[in-house]
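I have placed the structure first, in the form of structure tokens, so that the comments after it can refer back to it.
Values in this document were obtained by computation on a predicted structure and should not be read as measured data. Here is the naming used below: chain letters follow the sequence lines, and residue numbers restart at 1 for every chain.
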Amino acid sequence: MGVDFLVGMANLMHIQLTLEPELKLLYRINAQSWKDINVDVNHKVESRLKLKFLELELKLLHCVKAHSWKNTEILTANVTRAVETIALLLVTMVMMLPTPSSSCSSSVVSLSQNPKSIRFDSFSRSVSNHMMEVCNCIEPQWPADELLMKYQYISDFFIAVAYFSIPLELIYFVKKSAVFPYRWVLVQFGAFIVLCGATHLINLWTFTTHSRTVALVMTTAKVLTAVVSCATALMLVHIIPDLLSVKTRELFLKNKAAELDREMGLIRTQEETGRHVRMLTHEIRSTLDRHTILKTTLVELGRTLALEECALWMPTRTGLELQLSYTLRQQHPVEYTVPIQLPVINQVFGTSRAVKISPNSPVARLRPVSGKYLLGEVVAVRVPLLHLSNFQINDWPELSTKRYALMVLMLPSDSARQWHVHELELVEVVADQVAVALSHAAILEESMRARDLLMEQNVALDIARREAETAIRARNDFLAVMNHEMRTPMHAIIALSSLLQETELTPEQRLMVETVLKSSSLLATLMNDVLDLSRLEDGSLQLELGTFNLHTLFREVLNLIKPIAVVKKLPITLNLAPDLPEFVVGDEKRLMQIILNIVGNAVKFSKQGCISVTALVTKSDNRAPPDFFVVQTGSHFYLRVKVKDLGAGINPQDIPKLFTKFAQTQSLATRSSGGSGLGLAISKRFVNLMEGNIWIESEGVGKGCTAIFDVKLGISNESKQSGIPKVPANPQHVNFAGLKVLVMDENGVSRMVTKGLLVHLGCEVTTVSSTEECLRVVSHEHRVVFMDVCTPGVENYQIALCIHEKFTKRHQRPLLVALTGNTDKSTKEKCMSFGLDGVLLKPVSLDNMRNVLSDLLEHRVLYEAM
Amino acid sequence: MNTVVAQLQRQFQDYLVSLYQQGFLDNQFTELRKLQDEGTPDFVAEVVSLFFDDCSKLINSMSRSLERPENVDFKQVDSGVHQLKGSSSSVGARRVKNVCISFKECCDVQNREGCLRCLQQVDYEYKMLKTKLQDLFNLEQQIVQAGGAIPQVNIN
């Protein structure tokens with residue numbers, strides 16, 4: 001070691017030293033003893049070095065003067081290096097000394113801090129600075145690695161600048177914008193960028209040697225940057241999805257907005273259409289005049305839709321053609337018809353929608369084509385013409401009518417306009433409105449006419465009513481007067497005549513008085529009838545209700561009529577239905593009057609045949625006149641009485657007149673029988689009072705007639721025994737013991753059966769098997785004769801006549817009962833006509849026979865039909 | 001003894017009811033039975049036997065009338081049928097009566113073949129009824145001999 005080492009190190013450092021041998025001498029110092037190095041050597045070295053420095057300085061000055069900067073630079077560098085080397089050497093030397101003397105070290109230190117060296121340092125520095133300045137404008141030539149360093153330096157600087165400016169921009173713009181939700185993130189991000197910038201900035205200082213402080217600051221900055229950047233990264237993980245979703249939300253909202261816009265558009269168009277329709281409708285419906293309606297329609301449509309032409313075709317009366325009735329533009333439309341069966345018309349009429357039709361179709365060619373190129377589009381729609389009868393309550397608008405009018409609308413030619421959907425809808429709506437308006441107009445006309453008619457009728461009715469009232473008053477006054485005035489003399493006449501009758505009179509006188517009496521009683525009856533009728537018509541008559549026996553009533557009536565009937569040889573039968581109540585509530589007197597009247601009429605107007613009176617309880621029968629409904633209420637029932645005769649009959653045309661007062665048909669020439677023709681009218685009034693109905697049926701003149709009436713009677717709850725109890729047949733009470741009867745029957749078996757019956761009942765029976773025998777045997781002792789009339793032939797009936805002839809006195813004649821297998825009308829009538837008292841249907845039951853016998857014996861007339 | 005009577009009575013009842021149900025008899029027969037009492041104990045039997053005699057007589061006469069096809073006395077046949085109908089309805093011989101009704105119809109239209117058919121049927125029916133009633137009367141007699149009373153049968 002030692003000098004060799006030093007030399008070696010110097011070689012390593014490429015020192016181009018032009019050191020004096022003094023230095024070499026230094027090198028050749030015996031290294032064995034560094035302690036031999038003494039200060040003197042050092043002093044020598046130091047002086048030599050100083051000399052050297054001086055020489056170098058001179059050389060440098062020469063170079064500077066000579067402006068050979070390159071050489072100066074090189075020299076300076078050399079010197080610097082040399083100085084550094086030496087300093088290093090010295091330091092090494094000192095370090096290698098085991099115990100470096102303080103003086104040695106201090107000398108080394110002083111050497112390094114040599115003012116000269118320091119001066120040299122500053123000199124070298126100033127040279128270099130100068131060099132830099134001058135070199136920049138003239139020759140920017142840096143060594144290679146220094147270029148890279150320079151670039152790095154510049155980049156770092158710019159990076160720092162950028163890093164610092166980004167947060168500033170962010171803050172500026174965020175402050176400007178109103179909304180930014182991520183303030184905290186921004187702060188973080190800003191901090192991160194600032195620290196990065198700081199890092200880069202501080203980096204600038206580390207290109208050169210730097211103190212520890214710089215390094216410390218750098219480290220701090222880097223640490224902080226790391227922390228903040230990690231935090232930001234973590235935060236961004238949360239934030240970025242949100243931010244992205246903001247984008248999708250934005251897209252969604254945009255779509256929504258577009259949709260709403262579309263809908264708005266639609267609504268607006270609809271509103272437009274609605275407005276148009278309302279306006280049109282208002283115009284159309286503001287009048288009730290047909291022509292105005294149609295005209296207005298065309299005008300308004302033309303205006304709203306800016307049409308070239310608008311026309312209305314109405315169906316003709318025949319319904320086979322459409323006639324051009326109204327047009328918009330043409331003042332006088334040509335009388336123009338098209339047949340209604342054109343396919344285009346059928347197409348339009350077939351649907352309620354507006355149909356686009358060809359401008360060349362007959363309905364659309366309304367005016368001569370004025371040389372235009374493109375005819376406007378044409379639309380046609382049907383307008384239903386409704387009749388009043390189409391207006392059902394729940395039924396609108398049932399297009400059961402086939403009458404349509406055709407409305408044709410044309411867009412202007414050459415306008416290239418198209419029919420839009422909303423325009424078509426408008427047209428359809430208008431067509432409907434027109435239909436309604438037209439029908440309203442029609443209805444209004446009708447109702448005006450009806451009202452006028454009604455007013456006239458009202459006036460007429462009023463007048464008639466007043467006249468009627470006057471007439472009634474007049475009649476009432478008259479009757480009131482006559483009532484009293486007429487009756488008084490009448491009574492006087494009747495009373496005095498009867499008194500006169502009691503006195504001694506000659507036969508002629510008696511005859512005269514009788515005639516007077518008869519006439520006056522007739523007159524009295526007539527007056528009573530008239531007065532009764534007028535009272536009935538006034539409604540002042542009231543029924544006198546009471547409980548009475550219906551069966552008895554009928555029998556009494558018949559008793560009253562029988563004398564006349566027998567005289568006229570008209571048998572009368574009475575048939576009471578089994579379910580006919582016995583005790584009823586009603587006006588007995590009036591009911592008897594009715595029955596008497598009708599039966600009396602039957603007797604009066606019959607010359608031959610038998611009269612049958614039937615009484616039954618009626619349910620609603622189809623023989624009742626159609627406007628009369630029979631209802632069976634709880635405690636009431638409707639009694640129907642039919643009186644049939646085979647007399648003169650009535651012409652069906654005269655039947656309605658029968659019930660009118662004072663009317664008598666011509667065919668009834670029996671004036672001798674008297675009567676004023678009021679009977680039926682009065683009966684009708686009474687029947688009506690009893691809430692019933694009366695009518696007459698006849699098949700014609702000579703065919704007899706049937707009078708039928710229904711009256712309402714009440715059913716009596718208690719069977720009051722009024723008068724003589726006429727309860728039919730409690731069998732034990734009626735004793736047939738020893739009753740002599742005669743049975744005539746050709747059939748042995750029947751004969752035997754009948755005999756057995758009667759014997760069982762206690763009668764004394766004689767049987768005969770032929771009519772001759774019967775005639776021979778019959779005597780006044782026989783009370784009843786049962787004769788079988790089944791066998792075909794009339795001989796049996798003749799017997800009855802014979803017996804009638806045989807027994808002139810009525811009380812001696814036995815009762816005649818026919819036994820027959822059928823009870824149809826003809827048999828019954830025949831029996832009646834031959835004077836039989838009753839008819840029995842074979843085979844006869846025991847009870848039947850019993851009842852029949854008892855009835856017969858009681859009443860001498862068979863009331864119960866079998 | 002009583003059980004025998006009861007049994008007989010029941011038998012009688014059932015038999016009579018069956019006759020009604022089978023349509024041989026109707027209500028008129030009931031009426032006839034009503035007429036029978038102590039005074040006339042054999043009333044029904046008498047009537048019935050009279051009826052059957054009548055039947056045979058009439059049937060014979062009618063068959064004679066209908067024998068020769070060329071001249072049939074429809075009037076006579078008609079009257080015979082009429083009689084028969086009357087008699088049968090008097091005794092309540094329902095089936096016989098019904099046949100008589102159709103017999104009458106054939107007679108009205110002068111249908112000889114029909115008449116013959118009906119005649120045959122009438123013959124058959126009355127004989128059948130005769131047998132049945134004979135049985136009934138025998139039963140009655142048995143009851144009486146056994147000392148019981150002939151029951152009153154109610155036919156609904």
Side-chain angles (χ1 to χ4, degrees), chain A residues 731-732 736-739 741 743-765 767 769-771 786-796 817-824 827 839-853 866, chain B residues 25-59 74-94 96-98 100-101 104 107-108 126 129-130 133 152 155:
Chain A
Q732 279 75 34
F736 300 123
L739 184 72
V741 295
V743 172
M744 188 211 88
D745 196 337
E746 287 183 9
N747 189 320
V749 176
S750 326
R751 197 167 57 232
M752 192 164 176
V753 172
T754 315
K755 178 177 174 179
L757 257 178
L758 291 163
V759 163
H760 189 78
L761 289 170
C763 307
E764 200 181 311
V765 185
T767 55
S769 58
S770 71
T771 53
F786 291 94
M787 55 183 71
D788 172 65
V789 296
C790 279
T791 44
V794 199
E795 311 84 35
N796 299 338
V817 178
L819 296 168
T820 172
N822 54 347
T823 47
D824 58 340
T827 321
V839 178
L840 270 179
L841 177 62
K842 282 207 299 191
V844 193
S845 72
L846 191 59
D847 292 335
N848 251 354
M849 184 59 90
R850 203 183 281 131
N851 294 339
V852 161
L853 270 183
M866 294 305 140
Chain B
L25 302 170
D26 63 7
N27 274 337
Q28 184 56 22
F29 193 77
T30 322
E31 295 292 333
L32 275 182
R33 292 194 76 234
K34 274 194 219 168
L35 298 174
Q36 186 163 293
D37 53 6
E38 305 80 53
T40 53
D42 297 325
F43 177 69
V44 176
E46 280 172 17
V47 173
V48 162
S49 57
L50 184 61
F51 167 65
F52 289 136
D53 291 342
D54 238 10
C55 270
S56 63
K57 261 187 277 178
L58 285 167
I59 286 170
F74 278 104
K75 260 199 165 23
Q76 213 229 352
V77 175
D78 189 42
S79 80
V81 169
H82 189 88
Q83 291 262 30
L84 202 52
K85 184 161 159 246
S87 314
S88 57
S89 54
S90 299
V91 299
R94 186 153 157 266
V96 178
K97 187 183 74 176
N98 288 342
C100 287
I101 291 171
K104 187 150 172 43
C107 200
D108 286 343
Y126 106 81
L129 184 65
K130 188 168 177 181
L133 286 177
Q152 294 290 326
I155 314 295

* Structure fact -> Checked A:L757, A:D847, A:V759, A:D745 vs chain B; the most non-hydrogen pairs under 4.5 Å come from A:L757
* Could you grab the distance from atom CG of B:L35 to atom CG of A:L761, nearest 0.5 Å is fine? => 8.0 Å
* Asked: With respect to chain A, which residue among B:K34, B:Q36, B:E31 yields the maximal number of heavy-atom pairs within a distance under 4.5 Å?
  -> B:E31
* Atom NZ of B:K85 and atom OG of A:S750: how far apart are they, to the nearest 0.5 Å? -> 11.5 Å
* To do: Taking all heavy atoms of B:S90 and all of A:V749, pick out the closest pair and write down the distance.
  => CB-CG1, 4.1 Å
* Structure fact -> Bottom line for B:L50: the part with an atom under 4.5 Å from chain A's heavy atoms is both
* Where is the tightest heavy-atom contact between A:N747 and B:S87, given as atom of each residue plus distance? -> ND2-OG, 2.7 Å
